[in-house]
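Fair warning: this is a prediction, and the values are worked out from it, not measured in the lab.
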Amino acid sequence: MQTLRAPERKTSVDLAVKSLYVDILDGIYPPGSFLRLNEVADQMGMSMMPVREAIRELAAMGIVESIPHRGAQVRALTIDDLIETYQGRLHLETLALRLGAPLFGEKEKNKAISANQQRIAAVEHGTTVDVVTAHEAFHFELYRSCRNPWIVKALLPGWRNAERYRSYSMRNEKLQNTLDAQHGLLIDAMAAQDTVAAVKLLHKHLTSAAQSVASELTGSDIMSQLPSVAELLSISPQTLVKFA
């Protein structure tokens, strides 16, 4: 499983996965809708074979689920799924930063800066697929610094599922401006090889987005159900105060 931006992925199945995923994010196939093979293939201008395989890949990522005798359905957006998704993301993505910060040198910094510039350009002028691709590419430049491809691969399903909720947090313009600014701060923390600062920033980055979505979905407070910075760093809250 590779990221959306991987240039070597040029098969019809790869294009179908990308196109169908973005259509789901765009609401063309909203949560709860069934993916009728003939209809999706006609919509995408493809044969049924790559579309069938694309649906299988999205099912493996948990974005689509197979309903016996009924077909493939886009999974619903629920508060429980949101919490579980962000619990997994927080543990895995902060682990990648913890391992990667001590290895984050000038080369990694320059790549991250370039990826962030592309993300900013996509937000200002790009299509949905441009924004989704650039946002993912930026974060994964940071995560790949852990130099453990298994961890990076493990991040993808949760990341891709969380993108389905992102439109809710984007409705809050003030929050979105804060989240955008945090991307540059993450680069600074990693470049300084400051593990604690990087984890604290990413924790705030993810939990702010998750809580905003929860407020939109059900009006609930989910912060107590997400791991704390101290838990993610495996240190006591008293010790963490010393790093504040």
### Task
Please test E136 against L156 for side chain to side chain contact (heavy atoms under 4.5 Å, CB included), starting from the C-alpha separation and ending with a verdict.
CA-CA 9 Å; E136 181 176 296; L156 273 173; 4.0 Å; yes

Say whether, by atom type as modelled, one donor and one acceptor occur between the side chain of [X] and the main chain of [Y] under 3.5 angstrom.
X	Y	value
H183	L179	yes
Q193	F104	yes
H203	A230	no
E93	L155	no
S145	E141	no
R98	L232	yes
E216	V213	no

Kindly write out the residues that satisfy side chain to side chain contact (heavy atoms under 4.5 Å, CB included) with [X], not counting sequence neighbours, or none if the list is empty.
X	value
D81	R75, T78, T85, N161, R164, Y165
S19	D23, M44
S33	Y29, P30, V74
N177	E173

Atom [atom1] of [X] and atom [atom2] of [Y]: how far apart are they, to the nearest 0.5 Å?
X	Y	atom1	atom2	value
N116	I187	CG	CD1	4.5 Å
I63	Q73	CD1	CD	14.5 Å
S167	L77	OG	CG	7.5 Å
T94	K200	OG1	NZ	14.0 Å
H205	D180	NE2	CG	8.0 Å
L20	L15	CG	CG	12.5 Å

#### Entry: Stepwise salt bridge (Lys or Arg N to Asp or Glu O under 4.0 Å) check, E163 with R160
CA-CA 5 Å; E163 284 289 280; R160 296 271 170 86; over 6 Å; no

Can you give me the closest heavy-atom contact between [X] and [Y], atom names plus distance?
X	Y	answer
A101	T195	CB-OG1, 3.5 Å
P50	A16	O-CB, 3.7 Å
S220	T218	OG-OG1, 2.6 Å
L82	A214	CD2-N, 3.7 Å
E57	V13	OE2-CG1, 3.8 Å
A72	I55	CB-CG2, 3.5 Å

### Message
Show me the pairs that pass side-chain hydrogen bond (donor to acceptor under 3.5 Å, both in side chains) and involve residues 41-50, at least two apart or across chains.
### Response
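Residue pairs with at least one partner in residues 41-50: there are none.
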
### Task
Could you give me the CA-CA distance, side-chain angles and deciding distance for Q117 and I120, then say whether side chain to side chain contact (heavy atoms under 4.5 Å, CB included) is met?
CA-CA 5 Å; Q117 291 171 340; I120 293 169; 5.5 Å; no

### Task
Just do the side chain to side chain contact (heavy atoms under 4.5 Å, CB included) check on C146 and V152 with the steps written out, would you?
CA-CA 8 Å; C146 73; V152 175; 4.1 Å; yes

Any side-chain heavy atom of [X] within less than 4.5 Å of one from [Y]?
X	Y	value
R144	E108	no
K18	T133	yes
S208	T178	no
L35	L58	no
L201	D188	no
S169	R166	yes

Would [X] and [Y] show up in the same hydrophobic cluster when neighbours are defined by side-chain heavy atoms closer than 4.5 Å?
X	Y	answer
L90	I79	yes
L233	L185	yes
M190	V196	yes
L95	V229	no
L206	M170	no

### Message
Can you confirm whether the side chains of S215 and Q211 place a donor and an acceptor under 3.5 Å from each other?
### Response
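Q211 and S215 do have a side-chain donor-acceptor pair below 3.5 Å.
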
### Task
Would you verify whether the NZ or CZ of R89 falls within 45 degrees of the ring axis of Y86 while also being under 6.0 Å from that six-membered ring's centre?
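Yes, R89 sits over the ring of Y86.
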
### Task
With sequence neighbours left out, write down each residue that passes side chain to side chain donor-acceptor pair (under 3.5 Å) with S66, or none if nothing qualifies.
none

### Message
Please determine whether side chain to side chain contact (heavy atoms under 4.5 Å, CB included) holds for the pair I151 and Y143, giving the CA-CA distance in whole Å, both sets of side-chain angles, and the decisive distance to 0.1 Å.
### Response
CA-CA 9 Å; I151 291 176; Y143 302 149; over 6 Å; no

